[in-house]
Amino acid sequence: MKATHDDKTFTLTGRYWSGTFPIEELPEQLAFYRSQRAKFPKANGAYDAPIAALEKLAKEIGS
């Protein structure tokens with residue numbers, strides 16, 4: 001999982017999909033993936049990679 005950004009957007013890229021969002025939505029996306037992990041613990045870590053990528057991006061841009 002990879003997260004990249006420019007001045008206005010960030011893109012989260014997985015193995016089979018990608019999504020681009022306004023940079024202001026980074027906290028919301030991170031909260032969404034954290035909530036999914038909490039709701040679906042049997043997903044066996046499926047949400048760990050996007051969470052790690054978004055946390056790294058948030059740290060990088062100071063969000």
Side-chain angles (χ1 to χ4, degrees):
M1 182 72 47
K2 183 169 116 177
T4 57
H5 71 93
D6 59 25
D7 292 341
K8 296 181 182 183
T9 63
F10 70 94
T11 300
L12 190 59
T13 305
R15 187 173 182 180
Y16 300 108
W17 60 272
S18 67
T20 300
F21 308 90
I23 202 84
E24 298 85 29
E25 290 184 17
L26 178 57
E28 294 170 26
Q29 288 296 312
L30 188 49
F32 169 76
Y33 281 104
R34 287 176 174 158
S35 72
Q36 292 298 99
R37 181 171 60 185
K39 288 178 189 175
F40 304 105
K42 291 183 180 180
N44 294 324
Y47 299 104
D48 293 345
I51 290 169
L54 291 171
E55 286 176 341
K56 181 179 176 187
L57 179 60
K59 191 174 188 179
E60 184 179 311
I61 64 173
S63 179

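Source: prediction; values computed, not measured.
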How far does [atom1] of [X] sit from [atom2] of [Y], to the nearest 0.5 angstrom?
X   : Y   : atom1 : atom2 : result
E24 : T9  : CD    : OG1   : 10.0 Å
H5  : F21 : NE2   : CZ    : 15.5 Å
M1  : K56 : CE    : NZ    : 13.5 Å
I61 : I23 : CD1   : CD1   : 3.5 Å
L54 : Q29 : CG    : CD    : 7.0 Å
K39 : Y47 : NZ    : OH    : 9.5 Å

Give the minimum heavy-atom separation between [X] and [Y], together with the two atoms involved.
X   : Y   : answer
A3  : A53 : CB-O, 3.8 Å
P50 : L12 : CB-CD2, 4.1 Å
L30 : I51 : CD1-O, 3.9 Å
F10 : P22 : CE2-O, 3.3 Å

